[in-house]
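All remarks here apply to the structure that follows.
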Amino acid sequence: MTAALRLDRVAAGYRGAEVVRGVSAAVAEGGWLAIVGPNGAGKSTLLKAIAGLVAFSGDIEVHGRSVTALSRRQRAHEIGYAPQNPLLPDGLTVTDYVLLGRTPHLGALARESATDRSIVEESLARVDLGGLAARRMRTLSGGEQQRAVLARVLAQRTRLLLLDEPTTGLDIGHAQALLELLDRLRREDGTTVVTTLHDLTFAAQYAGDLLLVDGGEVVAAGAPEEVLTAERLRRHYAADAEVLRTADGRPVVTPVRPR
């Protein structure tokens with residue numbers, strides 16, 4: 001398997017305290033891995049470690065190269081990262097904000113080119129924000145801001161996307177539209193996608209593989225239908241739930257009131 005991302009016994013945390021430990025996983029080129037687990041399991045910390053935002057031990061390889069061997073600019077060429085709660089600078093228009101995604105491609109003191117502007121316009125069109133390009137970021141709805149964040153990452157033009165809870169604040173229709181867009185990027189452009197997702201049904205519908213994390217450790221990994229079981233939901237989420245199946249066999253997780 002040609003791996004776009006490979007983790008080998010990765011541990012990461014803050015101020016010397018481990019939040020995740022012993023994580024090993026691989027994602028094929030053009031694959032989609034969803035990292036799932038209860039609140040506080042370490043999902044976001046693991047994503048930040050891959051993005052190079054927190055210290056880690058073990059090894060993380062992106063397209064066959066250890067991330068520790070990459071400069072910050074090289075890493076920005078390889079990895080696009082969108083946090084769950086991004087910092088939105090005051091006063092920026094949507095276009096200006098998405099242009100930030102082109103920063104790794106600009107030389108010292110260079111200004112954006114016509115090509116950069118064209119890439120930004122294409123990115124905005126792909127997330128259906130072309131009509132809001134001149135609006136201030138602060139005036140957008142929560143869902144529109146989420147799509148602008150994705151547009152900025154798309155403008156970065158990387159082969160690996162790391163998205164921390166990309167459907168936060170989106171209603172079911174907009175969440176589905178965003179995930180469909182990511183899946184189209186994966187299929188058409190060969191982009192590899194790694195997301196954290198709270199919604200287990202969405203994770204099962206879109207991701208090829210799940211990594212279930214609890215207490216900072218991987219407790220299950222594999223295809224959604226293998227990972228998501230009622231027993232695991234009870235053990236790791238303290239949830240009473242049933243795992244149903246769609247017509248195409250994908251799991252649907254539905255809560256059930258305790259008797």
Side-chain angles (χ1 to χ4, degrees), residues 1-84 104 153 156-166 182 185-186 189-198 200 203-204 206-229 232 235-236:
M1 177 182 69
T2 302
L5 173 68
R6 192 181 302 276
L7 311 179
D8 184 24
R9 294 169 292 179
V10 172
Y14 309 91
R15 294 180 293 276
E18 286 188 347
V19 176
V20 291
R21 64 196 69 84
V23 178
S24 296
V27 190
E29 292 274 6
W32 187 331
L33 174 70
I35 303 170
V36 299
N39 292 338
K43 304 184 297 296
S44 294
T45 299
L46 181 57
L47 214 61
K48 288 177 181 177
I50 300 169
L53 299 176
V54 298
F56 70 90
S57 62
D59 191 38
I60 299 176
E61 289 186 358
V62 176
H63 303 120
R65 300 177 67 187
S66 175
V67 295
T68 57
L70 301 177
S71 67
R72 182 175 297 183
R73 180 177 289 270
Q74 288 172 326
R75 191 176 295 173
H77 277 266
E78 295 286 343
I79 303 171
Y81 169 72
Q84 183 175 350
V153 177
Q156 201 171 327
R157 288 286 175 94
T158 65
R159 292 185 291 161
L160 173 63
L161 293 182
L162 308 177
L163 307 175
D164 195 1
E165 296 293 345
L182 289 174
L185 289 171
R186 186 186 62 79
D189 300 351
T191 304
T192 304
V193 179
V194 180
T195 55
T196 63
L197 285 169
H198 274 303
L200 296 176
Y206 287 93
D209 289 286
L210 303 185
L211 198 69
L212 176 57
V213 180
D214 190 14
E217 298 181 341
V218 175
V219 294
E225 56 271 22
E226 297 169 352
V227 171
L228 296 178
T229 66
R232 283 201 179 104
R235 183 189 308 171
H236 300 292

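Note that the structure is a prediction, hence the values are computed from the model and not measured.
Atom CG of Leu53 sits about 11.5 Å away from atom OG of Ser44, to the nearest 0.5 Å. The CG atom of Leu163 sits 8.5 Å away from atom OG1 of Thr196, with the distance rounded to the nearest 0.5 Å. For the atom pair Leu33 CG and Ile50 CD1, the distance stands at 8.0 Å (nearest 0.5 Å). Note: Leu210 CG to Ile35 CD1 = 10.5 Å, rounded to the nearest 0.5 Å. To the nearest 0.5 angstrom, Arg235 atom CZ is 9.5 Å from Leu212 atom CG. Rounded to the nearest 0.5 Å, atoms CG (Asp8) and OG (Ser24) are 4.5 Å apart.
For the pair Ile60 and Ala49, the tightest heavy-atom approach, listed with the atom from each and the gap, is CD1-O, 3.7 Å. Listed here is the closest heavy atom pair of Val36 and Ala203: CG1-CB, 4.0 Å. Across all non-hydrogen atoms, the minimal contact from Pro38 to Asp214 is CG-OD1, 3.3 Å. Nearest heavy-atom pair across Arg186 and Val193 is CB-CG2, 4.5 Å. Tyr81 approaches Val153 most closely through the heavy-atom pair O-CG2, 3.8 Å. The two residues Pro224 and Gly208 have their closest heavy-atom pair at CD-O, 3.4 Å.
A donor-acceptor distance shorter than 3.5 angstrom exists from the side chain of Arg75 to the backbone of Val67, with no hydrogens or angles considered. In this structure a side-chain-to-backbone donor-acceptor pair under 3.5 Å is missing from Glu29 to Gly190. Formation of a donor-acceptor pair under 3.5 Å by the Arg159 side chain with backbone atoms of Ile79 is not found in this model. Distance alone, capped at 3.5 Å, places no donor-acceptor pair between the Arg21 side chain and the Ala11 backbone. His77 places no side-chain N or O within donor-acceptor distance of the main-chain N or O of Thr158, the cut-off being under 3.5 Å. Side-chain N or O atoms of Glu165 include one that pairs as donor or acceptor with a backbone N or O of His198 at under 3.5 Å. Side-chain atoms of Lys48 never come within 3.5 Å of backbone atoms of Lys43 as a donor-acceptor pair (strictly under, hydrogens ignored).
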Item checked: Asp209 vs Val227, side chain to side chain contact (heavy atoms under 4.5 Å, CB included): CA-CA, chis, key distance, verdict -> CA-CA 9 Å; Asp209 289 286; Val227 171; over 6 Å; no
Checklist line | Stepwise side chain to side chain contact (heavy atoms under 4.5 Å, CB included) check, Leu161 with Thr192 | finding: CA-CA 6 Å; Leu161 293 182; Thr192 304; over 6 Å; no
Next item on the list: Check step by step if side chain to side chain contact (heavy atoms under 4.5 Å, CB included) holds for Leu70 and Arg65.
Entry: CA-CA 8 Å; Leu70 301 177; Arg65 300 177 67 187; 3.3 Å; yes
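Residues Leu182 and Trp32 have side chains in contact (heavy-atom distance under 4.5 Å, counting atoms from C-beta outward). A heavy-atom distance below 4.5 Å is found between the side chains of Val219 and His236. When side chains are defined from C-beta on, Tyr206 does not count as touching Thr195, because their heavy atoms never get closer than 4.5 Å.
Tyr14 and Thr45 share a donor-acceptor pair across their side chains, judged by distance under 3.5 Å alone.
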